[in-house]
Peer 1: 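A single structure is presented below for examination.
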Amino acid sequence: MLEKLAPEQLVKKQAVESAPSLPPLEGAIMGQVVTRFPPEPNGYPHIGHAKAAIIDEEYARMYNGKLILRFDDTNPLKEKLEYYDAIREGLDWLGVKPDIVKNTSDDISLIQEYGRKLVELGGAYVCTCSQQTMHDLRAKGLPCECRKDQSEALSRLEKLFNGSYKQNEAIIRFKGDMADQNTAMRDPTLFRIIEGDHPKLGSKIRVWPTYDFAAPIEDSLDGVTHAMRTKEYELRNALYFAILDRLGLRKPMMIEFSRLEFEGIPVSKRKIKPLIENGLIKSWDDPRLPTLSAFRRRGFVPEAIRKFVISLGITLAETKPPFEALEAYNRKVIDPVSMRLFFVKDPVELHVEGARAMEVVLKNHPTDAALGSRKIQVSDRFYISSDDTNLNVGDEIRLIELYNVKITKIERKDGKVLSVSAMPSGSEIQQSMPKIQWVAKEDIFDLQVLTPKQLYIGEEYNTNSLEVVKGVTESFMSGLKHGTVVQFVRFGFCRIDSDGTAIFTHR
RNA sequence: GCUCCGGUGGUGUAGUCCGGUUAAGCAUUUCGCCCUCUCAAGGCGGAGAUCACGGGUUCAAAUCCCGUCCGGAGCACCA
């Protein structure tokens, strides 16, 4: 146990010095902070979840407290078992380690008891009005008959729980103030009847609490000291505290922060589902998506995501942070540990007349010898990128780690360079000479690089959101495991996704 | 429409509660130089904000007050 804790704390201390950190938590007592991350298992975890989970965890750790992962699964119509798993996997990858894992559905009976109690106390009532009536009444700020006449409240409560009402026939409403300026207080729903199979409880439960009721009860009972949520819930704070007040339950401190989303990379299922249904996107880990699995596939590392999230702070301002900032954090983490390889985009043959066949040894990393080296057999034929063929006869270029060549002939067709011929022109490194990467003709490995771009431009799907770059790299690539992140010299960082395919991470 | 919350350099933030300690710190972006057989990383330096706008209080305001404008959110038997 000690061995486990000690190294972690050491790492933490170092990180605090170099990385940005979160501001102190109001009212936090060392050793007694309890935070909670409460996702609904109704989809795959994305960058927005990551922000919340990381902040929750950072504060728990900062005060040597506890983090609870609580699946807020109070709507059997939406939850799915696979999402519970997906969320846990996502958090696992992120390195977020909850101290306690539970489901709100574990406590349904308890929550129901509190619901009954609230009705008995007169703080809530069973309402049989239609949604439409209530919608109108709320708009006008007027109470309905169910609220006015409470003589039947208790018998209705019994009917609700013994199955006498069908779905949509009755609900429990909080007795707020139908004329409150905060519309969330106009008698919101606390329980409703849902006929459906819940992934954890089956069809056992019919009367389900809403989030508005379950969240404060759970937070309070779980001992949460600091409850954090995104700012769209702000107006529900009054409700949250009113519920706890009437039930005489302890009140956590509530803190809001803005949602995290990137420009052109929407997080909402509303925007992503149609693309999947249309086949525009094949899976939830498509590199264009903001899901955690997509970030992983792209070559982003948890450490970078964490630093980035912390740098955002817990501000209330609604902004779309620059993706470049995330990339910068990621680059700094992966640069020191990524092998350098040559990748030639859109290859053009280079014939170095008279060059002798030989073996060259290339370092896998410019400064870290631990990453080793590789041997390549070269002859007089190479591939270079068409991007580097904007040349004239007589120009001198350097093939990195090899030698210099002087261009002797350029074959073009329709302005496009078909092949280049050159002759060796020395081996001394000159800073003024363009230095380009190359691949030996006998050493090629075909590779396509998937390059994700913004998914949406404004409200429109970006039809060029996934660019496919074709080229060749070294055969050395065949020995690397899927998932390895490499840097292609003068091209950028890429993660090997599958045989013959890599995904562009960033420059 | 009503209510609530935001508005600091291109971008994201610190500072705003408890007005003055650098008329604004950090990161990113961008430019230059150094380093370097990468257009990466690292080092150094530069550019870039009269703190949305208009009033007011004060010896003194990004920080307090009032108003205006702009942006976002909520007004579900979703979370």
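Order of the sequence lines fixes the chain letters, A, B, ..., with proteins taken first and strands second; residue numbering starts at 1 for each chain.
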Peer 1: Which whole number of Å gives the distance between the P atom of B/U38 and that of B/C33?
Peer 2: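 Roughly 16 Å separates the two P atoms.
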
Peer 1: May I ask which nucleotide in the shown strands pairs with B/U58, Watson-Crick or G-U wobble, both distances under 3.5 Å?
Peer 2: none

Peer 1: Can a donor-acceptor pair under 3.5 Å be found between the side-chain atoms of A/Q487 and the base atoms of B/U38?
Peer 2: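 Result: at least one qualifying N/O pair found.
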
Peer 1: Do A/D222 and A/R70 sit within salt-bridge range, that is, some charged N less than 4.0 Å from a carboxylate O?
Peer 2: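 Yes, charged N to carboxylate O under 4.0 Å.
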
Peer 1: Work out how far the P atom of B/A41 is from that of B/A79, and round it to whole angstrom.
Peer 2: 45 Å

Peer 1: Does A/E303 pair with A/K307 as a salt bridge, N-O distance under 4.0 Å?
Peer 2: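 Between A/K307 and A/E303 there is a salt bridge, with a charged N closer than 4.0 Å to a carboxylate O.
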
Peer 1: Looking at A/H135, I'd like to know whether one of its side-chain N or O atoms comes within less than 4.0 Å of OP1 or OP2 on B/C75.
Peer 2: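 No, because none of the side-chain N or O atoms of A/H135 sits under 4.0 Å from OP1 or OP2 of B/C75.
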
Peer 1: Which is more 5' along RNA chain B, the nucleotide nearest A/E324 or the one nearest A/K320? Just name the residue.
Peer 2: A/K320

Peer 1: Taking the minimum atom-to-atom distance to the side chain of A/R192, which one of B/A79, B/A40, B/A76 wins?
Peer 2: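 Comparing B/A79, B/A40, B/A76 against the side chain of A/R192, the answer is B/A79.
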
Peer 1: With nearest nucleotide decided by heavy atoms, which residue, A/Q131 or A/D335, maps closer to the 5′ end of RNA chain B?
Peer 2: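 Upstream on the strand: A/D335.
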
Peer 1: Could you state the CG-P distance from A/L312 to B/G12, rounded to the nearest angstrom?
Peer 2: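 To the nearest whole Å, that distance equals 10 Å.
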
Peer 1: Measure CG/A/D212 against P/B/A79 and give the value in whole Å, please.
Peer 2: 8 Å

Peer 1: The side chain of A/K332 is closest to which nucleotide in this list: B/A79, B/G6, B/G42?
Peer 2: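 When the side chain of A/K332 is considered, B/G42 is the closest of B/A79, B/G6, B/G42.
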
Peer 1: Does the pair A/K102/A/E218 count as a salt bridge with the N-to-O cut at 4.0 Å?
Peer 2: yes

Peer 1: To the nearest Å, give me how far apart CD1 (A/I111) and P (B/A79) are.
Peer 2: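 Distance, rounded to whole Å: 11 Å.
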
Peer 1: Once you apply a heavy-atom cut-off of 4.0 Å, does A/Y233 come out as touching a base, just sugar-phosphate, or nothing?
Peer 2: base

Peer 1: Taking only the C1' atom of each, what is the distance from B/G45 to B/G6 in whole angstrom?
Peer 2: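 These two C1' atoms come out 36 Å apart once rounded.
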
Peer 1: Please measure how far the C1' atom in B/U28 lies from the corresponding atom in B/A49, and state the result in whole Å.
Peer 2: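 Comparing C1' positions in B/U28 and B/A49 gives a spacing of 16 Å.
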
Peer 1: Could you check, using the six-membered ring where one of them is a Trp, whether A/F491 and A/F504 have ring centers closer than 6.0 angstrom?
Peer 2: yes

Peer 1: Which nucleotide, in any strand shown, forms a Watson-Crick or G-U wobble pair with B/U50, with both distances under 3.5 Å?
Peer 2: none

Peer 1: Nearest-Å distance, CD (A/Q181) to C1' (B/G1)?
Peer 2: 13 Å

Peer 1: I'd like to know if A/D335 and A/R340 make a salt bridge, using a cut-off of under 4.0 Å between side-chain N and carboxylate O.
Peer 2: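 A salt bridge links A/D335 with A/R340.
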
Peer 1: Side chain of A/I429: nearest nucleotide among B/U28, B/C37, B/C78?
Peer 2: B/C37

Peer 1: For B/A27, what is the paired nucleotide under Watson-Crick or G-U wobble rules, both distances under 3.5 Å?
Peer 2: B/U11

Peer 1: Please state the P separation for the pair B/C75 and B/U29 - nearest whole angstrom.
Peer 2: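 Nearest-Å result for B/C75 against B/U29 at atom P: 38 Å.
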
Peer 1: Among B/G6, B/A73, B/U29, which nucleotide sits nearest the side chain of A/E232?
Peer 2: B/A73

Peer 1: State, without any angle test, whether A/Q167 and A/E195 hold a side-chain donor-acceptor pair at a distance under 3.5 Å.
Peer 2: no

Peer 1: When all nucleic acid strands are considered with a 4.0 Å heavy-atom cut-off, which category describes A/P321: base, sugar-phosphate, or nothing?
Peer 2: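 Sugar-phosphate: the residue A/P321, judged by heavy atoms under 4.0 Å, touches backbone atoms but no base.
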
Peer 1: What is the pairing partner of B/G71, taking Watson-Crick or G-U wobble pairs with both distances under 3.5 Å in any strand?
Peer 2: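 B/G71 is paired with B/C5.
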
Peer 1: So what does A/A184 touch, heavy atoms closer than 4.0 Å: a base, only the sugar-phosphate, or nothing?
Peer 2: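 No contact at all - A/A184 keeps every heavy atom at 4.0 Å or more from the nucleic acid.
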
Peer 1: Where the side chain of A/E40 is defined as all heavy atoms beyond and including C-beta, which of B/C4, B/C78, B/A40 is the nearest nucleotide?
Peer 2: B/C78

Peer 1: With hydrogens left out and only the distance checked, is there a donor-acceptor pair under 3.5 Å joining A/E318's side chain and the base of B/G71?
Peer 2: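 Yes, a donor-acceptor pair under 3.5 Å.
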
Peer 1: Any side-chain N or O of A/K435 under 4.0 Å from OP1/OP2 of B/U38?
Peer 2: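 So the side chain of A/K435 is within the cut-off, an N or O lying under 4.0 Å from OP1 or OP2 of B/U38.
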
Peer 1: Using 4.0 Å as the upper bound for N to carboxylate O, is an ion pair formed by A/D245 and A/K251?
Peer 2: yes

Peer 1: Where the side chain of A/R398 is concerned, which of B/C37, B/G12, B/U3 is the nearest nucleotide?
Peer 2: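 Closest of the options to the side chain of A/R398: B/C37.
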
Peer 1: Would you say A/T74 places a side-chain N or O within less than 4.0 Å of OP1 or OP2 belonging to B/A79?
Peer 2: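 So the side-chain polar atoms of A/T74 do come within 4.0 Å of the phosphate oxygens OP1 or OP2 of B/A79, strictly under.
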
Peer 1: Using a cut-off of 4.0 Å on non-hydrogen atoms, how would the nucleic acid contact of A/N168 be classed: base, sugar-phosphate, or nothing?
Peer 2: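 Base contact - A/N168 has a heavy atom under 4.0 Å of at least one base atom.
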
Peer 1: When we call it a touch if two heavy atoms are under 4.0 Å apart, what does A/T210 touch: a base, just sugar-phosphate, or nothing?
Peer 2: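 Touches sugar-phosphate only.
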
Peer 1: Between A/K78 and A/E40, does at least one N-O distance fall below 4.0 Å, as a salt bridge requires?
Peer 2: no

Peer 1: Across all strands shown, which nucleotide pairs with B/C77 by Watson-Crick or G-U wobble geometry, both distances under 3.5 Å?
Peer 2: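 B/C77 is paired with nothing.
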
Peer 1: CG of A/N103 versus C1' of B/A79: gap in Å, rounded?
Peer 2: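 Spelled out: CG on A/N103 to C1' on B/A79 is 15 Å.
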
Peer 1: Where the side chain of A/R173 is concerned, which of B/A79, B/C5, B/C77 is the nearest nucleotide?
Peer 2: B/C77

Peer 1: For the pair made of CG in A/L239 and P in B/A79, what is the distance, rounded to whole Å?
Peer 2: 13 Å

Peer 1: Quick one: the side chain of A/Y329 and the base of B/A27, do they pair up donor-acceptor inside 3.5 Å?
Peer 2: no

Peer 1: Taking only the C1' atom of each, what is the distance from B/C65 to B/C77 in whole angstrom?
Peer 2: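 44 Å, rounded to whole Å.
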
Peer 1: Whether the A/Y211 and A/N75 side chains hold a donor-acceptor pair (N or O, under 3.5 Å, no angle test) is what I'd like checked.
Peer 2: no

Peer 1: For the C1' atoms, the ones on B/U63 and on B/G25, what distance do you get once it is rounded to whole angstrom?
Peer 2: 16 Å

Peer 1: Looking at A/D56 and A/R36, is there a salt bridge between them, counting it only when a charged N and a carboxylate O are closer than 4.0 Å?
Peer 2: no

Peer 1: Under 4.0 angstrom, heavy atoms only, what part of the nucleic acid is A/E234 near: base, sugar-phosphate, or nothing?
Peer 2: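 A/E234: backbone/sugar contact only, no base atoms under 4.0 Å.
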
Peer 1: Among the candidates B/G12, B/C77, B/C5, find the nucleotide nearest to the side-chain atoms of A/T319.
Peer 2: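 Closest of the options to the side chain of A/T319: B/G12.
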
Peer 1: With a 4.0 Å cut-off on heavy atoms, is A/R340 in touch with a base, just the backbone sugar-phosphate, or nothing at all?
Peer 2: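 It contacts base atoms.
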
Peer 1: The side chain of A/R138 is closest to which nucleotide in this list: B/C75, B/G6, B/U28?
Peer 2: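 So the side chain of A/R138 is nearest to B/C75.
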
Peer 1: Please name the nucleotide paired to B/G19 by Watson-Crick or G-U wobble geometry with both distances under 3.5 Å, or report none.
Peer 2: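 Matched B/G19 with nothing under the 3.5 Å cut-off.
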
Peer 1: Go ahead and name the base partner of B/C33; Watson-Crick or wobble counts if both distances stay under 3.5 Å, otherwise write none.
Peer 2: B/G43

Peer 1: If we take the P atom in both B/C64 and B/G19, what is their distance in whole Å?
Peer 2: 9 Å

Peer 1: Rounding to a whole Å, what distance do you find between A/E195:CD and B/C77:P?
Peer 2: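 Value for this atom pair: 18 Å.
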
Peer 1: Are OP1 or OP2 of B/U38 and a side-chain N or O of A/Q437 less than 4.0 angstrom apart?
Peer 2: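 So the side-chain polar atoms of A/Q437 never come under 4.0 Å of the phosphate oxygens OP1 or OP2 of B/U38.
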
Peer 1: Rounded to the Å, how far apart are A/F37 CZ and B/A79 P?
Peer 2: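 Nearest whole value for this atom pair: 16 Å.
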
Peer 1: Which nucleotide wins on minimum distance to the side chain of A/T183, given the candidates B/C77, B/C75, B/G6?
Peer 2: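 Of the options given, the side chain of A/T183 lies nearest B/C75.
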
